[in-house]
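Scroll down for the structure; my scribbles are underneath it.
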Amino acid sequence: MSVLKTTDLTKKFGKFTALNGVNIEVNKGEVFGFIGPNGAGKSTTIRVLLGILKATDGEAKIFGKDAWKDAVEIHKRIAYVPGDVNLWPNLTGGEVIDLFVELRGTNNKSRREELIKKFDLDPSKKCGTYSKGNRQKVALIAAFSSDADLYILDEPTSGLDPLMERVFQECVMDAKNEGKSILLSSHILSEVERLCDKVGIIRQGQIIETGTLDELRHLTRTSLLVETKQPIPALGNVNGVRDIVMKDQALSFQVDTDELDNVMKYISQFGIVKLESAPPTLEDLFMSHYEGVGKTSDSGAGGAL
Amino acid sequence: MANQSYHNTGRLSRFIVRQDRIRIPVWIISLSVLSFMVAMAFTDLYPTGLERQTIAETMKNPAMTAMVGKGYGLDDYTNGAMMAHQMLLLTAMAVGIMSILLVTRHTRADEEDGRIEMIRSLPAGRLANLYATISVSFGTNALIAIIIGFGLYALGIESMDLEGSLMYGAALGATGIFFSAITALFAQLTESARGTMGYSITVLLLSYLIRAIGDVSNETLSWFSPLGWVLGSEVYVNNYWWPIILTIGAAIILVALSLYLNAIRDLEAGFIPAKPGRKYASSFLKSPLGLALRLQRTGLIAWAAGMFILGASYGSVLGDLESFFTKNEMMAELLAPVEGYSLTEQFLTMLMSVIAMICTIPPLMAMLKLKGEEKKNHTEHLLSRAVSRTRLMGSYLIISVIGGFLMLALADIGLWAVGNSVMDEGVAFGTIFSAAMVYLPAMWIMIGIAVLFTGFAPKLSGLTWLYLTYSILVVYLGGMLQFPEWMAKLTPFGHIPKLPVEDMDFMKVFMLTIIAILLLAAGFLGYNKRDIRG
């Protein structure tokens, strides 16, 4: 069941097109990783979803309701953490958490205390004295101590230390296990890889790739390290094999994932002594998209890689 | 090796001057120009001794003494005596605030943000930053003393001689130096910039208050206030130098103490423990209205007190008004006599329009705070929760409208209470009250304009202030400068019937209210439709 869905979402600021037909869909109980370089349109998409910016074209729906018109109704069931948390310097962290939780309507006081402890925050200090990480904790505690159905998290961990990042990941997993949905925009690819069921990559206001991590991996190459009894002749002529490097006795090369079967059949004829394979990391995927200038038009056409 | 602590002080001083190369000159120029202009205005307004003596009479009341300080030389109220009496204290307070801001900015604020850490990791002495800041602040105050001192003398006003003028400047400079030292001390004691500024300003206000009470009731008490010392120098009348020297001496002791405390404490630590705030929000805070009110609480209270004092100080001059107007040509020009009404009543109508316009400042600030919050990315926290834009803007509007009413009412009560106590024949409270409240629709139109800008073009909302400034100029000075009638009609304040001299015009007031409502409605519509920046 779709919790969040955008259809050809377009946002223009004057002549500048920030979003150019963005389509994303988050289902119930799903963690959706939203990744892309700075200025690609992640925060703009999120702000349109929150009804803070008005879409120029296309539609954004959350819980089947219009993100702009029914903003208040929708917001009763979502929790949002901005990437850059700006708070009122003369209010304490505890006061801000209470205010935020209260403004959503529902309250979960026991969760508040537990989270304050988990995130190791001193709620009696004024927000003006907090570091970036501590301000982020305030927003995270407020978000996770409210019983939302959808969490929208915009680079929520950019100021957290590794320990706190783990607490955050636990919170996300807890929410997911309770059947909540999460839209997580992040730069930390290991985090996305660990948490997300689906990933959408945005560049220059367009989604250039979307799907489960497994699906995306199919679109790319697998690294193989093979040592055989007999030398493999003309490996370079086999379809889908690239970047062959001799390493001592072994050969290291990359295979287009959809050609993997043929390649394996071919090399097995030569008597495999050792075989190591590494799946492409999200980083490989990400880099191949970011570095490949002018490939945005081939959206979804993995063969171009 | 003792010099190690001060290593690179000179370079840091130049760096501070470089950072404040706009701020410091702006303060110096505005304070000097203000002093020179007022000195010249006094000579223009009251050219003869007789007129000055009339003014001296109106000043001889406790309200005035509490506000501007004890008058010296009231029997021979020369321009110099007048300047020292009416301007010195308030200018000194401004210099004090300047010094507090300057020292806080370069000591505790820099330390809190981690900039001092960067400096200290370089080959700079442990005390170099504090010492450099104090040097720059003392230097700035010395410049103010010299520029204002010689400047006032250069105006060539009779009775403002070289010694007196230099002393006037020195009194200002000494106040600034004293409060620089106070701030330097609190920068060591507290752990935050807010604390440093808060405690220092509290000392400034307490000094004012102690002096006010002392001046009215018990002169010895005034000597417990540094502001009392400065006024006790009796500038232009007796020119006592010792209170100035006392002030500077006290400042030097405070500086030595703060250097000592700075030397023995850890970086980013303080001596007064930061007091923990509330762990939970009060139920009052938990709504957009509560939050908006909480954010503006201190400011609104300060304005409310200010408006009451404004009303009270206008009220204190009502007593001697008749005799004053008949003797002063310039003031008589301001008011053409109307049959059947006393000059006091006529003056009241003019006062009311001025008071109403000044009372419009806090409600406008309250309304435009919404735009400021958006700029600081604070509104996204609220709008991303179950808060509609109408509710958010409405919260600010409520504070603005109720605040505006309270400001006007307080100014009015101050005016009536003090006015009645000094007048032979008092004015009924109802008369004064309705004369003030009739300006509410004009205030609402100004609020409506602020709402309109917030709704459609938040970047242009500064124009609201320009419009209010125009209104004040045209309505206040229009009569004197003989502006054409239509210029006054360009502001809502020019359309309000001047009670009690003019008759109530319900139609006009009703129309103004309708215009205000239309502006508000349009602004809310725009705010609901536009993109929010943050």
Side-chain angles (χ1 to χ4, degrees), chain A residues 11 13 43-44 46-55 68 71-82 84-107 109 112-113 116 122-129 131 138-139 142-143 146 152, chain B residues 108-109 112-114 190-195 197-198 268 270 274-292 294-299 369 372-392 395 528-534:
Chain A
K11 176 67 191 174
F13 294 109
S43 294
T44 307
I46 287 176
R47 287 183 165 194
V48 172
L49 285 168
L50 288 170
I52 289 174
L53 299 181
K54 188 174 187 175
W68 174 262
V72 175
E73 264 320 297
I74 292 171
H75 293 177
K76 287 180 183 164
R77 294 170 58 198
I78 69 170
Y80 164 60
V81 176
D84 200 0
V85 184
N86 293 292
L87 299 173
W88 300 271
N90 48 346
L91 299 186
T92 65
E95 285 178 316
V96 170
I97 293 171
D98 283 351
L99 172 72
F100 284 180
V101 171
E102 183 70 26
L103 290 181
R104 268 200 59 251
T106 54
N107 198 348
K109 205 124 207 175
R112 175 197 195 263
E113 300 309 320
I116 285 178
D122 181 353
S124 65
K125 277 196 167 171
K126 303 248 168 172
C127 293
T129 66
S131 65
V138 169
S146 43
I152 296 181
Chain B
R108 191 45 87 164
E112 199 178 34
D113 294 343
T190 65
E191 273 183 359
S192 69
R194 287 183 74 83
M197 193 133 62
E268 280 165 31
K275 105 178 157 239
R278 290 163 175 266
K279 282 193 174 173
Y280 300 94
S282 60
S283 50
F284 162 77
L285 175 61
K286 290 183 196 168
S287 68
L289 179 63
L291 174 68
R294 166 75 183 271
L295 294 175
Q296 306 180 68
R297 187 176 57 190
T298 320
K369 175 87 178 166
E373 285 284 287
E374 180 178 347
K375 219 173 158 187
K376 288 186 205 155
N377 284 1
H378 287 167
T379 47
E380 69 171 355
H381 292 303
L382 308 181
L383 293 177
S384 67
R385 293 183 166 79
V387 175
S388 70
R389 296 181 179 201
T390 306
R391 183 166 166 217
L392 180 61
S395 303
N528 269 298
K529 278 194 173 339
R530 76 170 170 87
D531 286 347
I532 301 288
R533 297 175 63 86

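To find a chain, count down the sequence lines: A is the first, B the second, and so on, and within it residues start at 1.
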Check whether [X] reaches the backbone of [Y] with its side chain - one donor and one acceptor, N or O, closer than 3.5 Å.
| X | Y | answer |
| --- | --- | --- |
| H75(A) | V387(B) | no |
| H381(B) | N86(A) | yes |
| R47(A) | R533(B) | yes |

Do [X] and [Y] have side chains that approach each other closer than 4.5 Å (heavy atoms only, starting at C-beta)?
| X | Y | result |
| --- | --- | --- |
| K286(B) | D98(A) | yes |
| L285(B) | E95(A) | yes |
| W88(A) | K376(B) | no |
| T379(B) | I52(A) | no |

*asked:* Please rank R391(B), E191(B), R389(B) by heavy-atom pairs under 4.5 Å with chain A and give me the top one.
replied: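 If we count pairs closer than 4.5 Å to chain A, R389(B) comes out on top.
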*asked:* Heavy-atom pairs under 4.5 Å with chain A: which of S388(B), S282(B), A386(B), S192(B) has the most?
replied: A386(B)
Might you point out which heavy atoms bring [X] and [Y] nearest each other, and give the distance in Å?
| X | Y | answer |
| --- | --- | --- |
| Y80(A) | R385(B) | O-NH2, 3.8 Å |
| K279(B) | S124(A) | CG-CB, 4.0 Å |
| R194(B) | N90(A) | NH2-CB, 3.4 Å |
| L53(A) | I532(B) | CD2-O, 3.4 Å |

*Check whether S384(B) gets within reach of chain A through its side chain, its backbone, both or neither, counting any heavy atom under 4.5 Å.*
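The answer is both parts of S384(B).
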*Atom group of E112(B) that falls short of 4.5 Å from chain A, counting heavy atoms*: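 The side chain, not the backbone.
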*Option that, when pairs with chain B are counted at under 4.5 Å, heavy atom only, ranks first among L87(A), I74(A), L50(A), I78(A)*: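 The residue among L87(A), I74(A), L50(A), I78(A) with the greatest pair count is L87(A).
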*Can you tell which of K126(A), E73(A), K125(A), K11(A) has the highest number of heavy-atom pairs within less than 4.5 Å of chain B?*
K11(A)
*Could you walk me through whether L91(A) and R294(B) pass the side-chain contact (heavy atoms from CB on, under 4.5 Å) test, one step at a time?*
CA-CA 9 Å; L91(A) 299 186; R294(B) 166 75 183 271; 3.4 Å; yes
